[in-house]
Student: 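One structure follows; several queries about it will come next.
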Amino acid sequence: MRDFTLEMYGLLLAAVKKAGYACISYEQFVSRGQKGRTYILRHDVDNLPLNSLATARIEAREGMQGTYYFRIVAQSFNPEVIVSIAELGHEIGYHYEDLSLCHGDFDKAYDQFQKNLERLRVYFPVKTICMHGSPLSRWDNRLLWDKYDYKKSGILAEPYFDTDFSKVFYLTDTGRTWDGSEYSVRDKVNSPFQISIRSTRDLIQKINSDLLPSQVMQNIHPQRWTNELLPWTKELLFQNAKNIIKGVVSRMNK
Ligand SMILES: [Zn+2]
């Protein structure tokens, strides 16, 4: 079976469930406290929002809730999809990139951040936000919070600032691999866990063998997860090319 298909994603969720994890949204994780085996389902909707509707439906069928972070740009921001995913019981959050869109103009970026948050709040009472990595931009979107405070906008938490990654194992499909930290420019955290994962099948086996910590944040980009062969091949070729570029940028930053 090919990796990064919806079937494979369904198998992954089934393994997580069988292992006794509660699959929850980031907002639930932040507001409920951390009890028992917890698996946060986070999704960065960078592109192709309909793919996110597909993963949201699979999760809802399993009785799971997660968080979908939408960007403000046209390839992500789709009100029909946002409403449909919210109706399935998931949380909607803002995947902000205002500082890079405003080319490092902090005041303009904060103004845009507030306006964009309100645009999203027309459809959902957004309580959490998460930065878009903008890997090819020189601006790290998180820098906005050196000068401003998102909590003043009624935001409870931002995963990169408000999660203790010494306790929560961070898993991301960035770069179309689960071992993507060497390819990622910004989507990475300081983690004490030494768990190497080569494929989704490998991840499933590790879950079945109880090799994962009791608290996990899984971040996926649903545009990568598709059954259709043509978009799947396109995503594979595109990510391989992009990983080469990001690998160079990442090494330059070290
Ligand atoms: Zn993103």
Side-chain angles (χ1 to χ4, degrees), residues 4 9 25-27 40-56 59 66-79 81-82 85 90-104 109 112-113 116-117 119-120 123-124 126-145 150 155 157-163 165 170-189 217-226 231 234-236 238-243 245-247 249-250 253:
F4 297 97
Y9 190 60
S25 69
Y26 186 59
E27 194 270 324
I40 304 158
L41 292 176
R42 175 182 143 197
H43 315 74
D44 288 358
V45 186
D46 283 2
N47 205 346
L48 306 178
L50 279 171
N51 286 32
S52 286
L53 186 54
T55 55
E59 290 155 356
T67 306
Y68 283 80
Y69 288 106
F70 282 84
R71 300 169 67 193
I72 208 65
V73 295
Q75 69 254 40
S76 173
F77 191 84
N78 180 320
V81 171
I82 289 168
I85 290 178
H90 299 291
E91 181 199 3
I92 304 297
Y94 179 31
H95 199 34
Y96 65 94
E97 55 190 306
D98 302 283
L99 193 62
S100 62
L101 289 176
C102 295
H103 309 288
Q112 285 299 309
F113 170 82
N116 291 335
L117 186 59
R119 272 182 71 194
L120 200 50
Y123 307 102
F124 192 87
V126 175
K127 287 278 169 45
T128 72
I129 57 170
C130 184
M131 69 108 185
H132 173 59
S134 305
L136 304 179
S137 164
R138 58 181 285 218
W139 298 104
D140 184 327
N141 292 306
R142 286 169 292 196
L143 290 174
L144 190 57
W145 312 122
Y150 48 80
I155 295 300
E158 208 283 17
Y160 291 97
F161 293 102
D162 301 304
T163 313
F165 287 110
Y170 185 60
L171 262 174
T172 173
D173 69 349
T174 285
R176 211 174 176 288
T177 151
W178 293 104
D179 262 351
S181 62
E182 76 172 286
Y183 300 120
S184 181
V185 179
R186 299 196 177 107
D187 179 17
K188 53 181 152 200
V189 301
M217 175 186 282
Q218 172 188 284
N219 179 26
I220 70 161
H221 298 77
Q223 81 253 20
R224 305 210 157 102
W225 295 79
T226 174
K234 236 170 89 182
E235 177 65 21
L236 172 72
F238 173 70
Q239 277 305 325
N240 285 348
K242 207 169 151 192
N243 281 348
I245 299 167
K246 288 204 287 185
V249 176
S250 178
N253 288 346

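These values consider heavy atoms only, across backbone and side chains, with no hydrogens, waters or symmetry-generated copies. Indexing begins at 1, ligand by ligand and atom by atom, following the structure's order.
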Student: Got an N, O or S from H95 under 2.8 Å of the Zn ion (ligand 1)?
Tutor: yes

Student: Going by distance alone, is a donor N or O of one side chain under 3.5 Å from an acceptor N or O of the other, for S134 and N141?
Tutor: yes

Student: State whether R71 and E97 are salt-bridged, where the test is any N-O pair (Lys NZ or Arg NE/NH1/NH2 against Asp/Glu carboxylate O) under 4.0 Å.
Tutor: yes

Student: Using 2.8 Å as a strict upper limit, say whether an N, O or S atom of D44 approaches the Zn ion (ligand 1) that closely.
Tutor: no

Student: Looking at D44, D46, T128, which hits side-chain hydrogen bond (donor to acceptor under 3.5 Å, both in side chains) with Y69?
Tutor: T128

Student: Any idea which N/O/S atom from D46 gets closest to the Zn ion (ligand 1)?
Tutor: OD1

Student: So which N/O/S atom does H132 have closest to the Zn ion (ligand 1)?
Tutor: ND1

Student: Do Y9 and D173 meet the criterion of a side-chain donor-acceptor pair at a distance under 3.5 Å?
Tutor: no

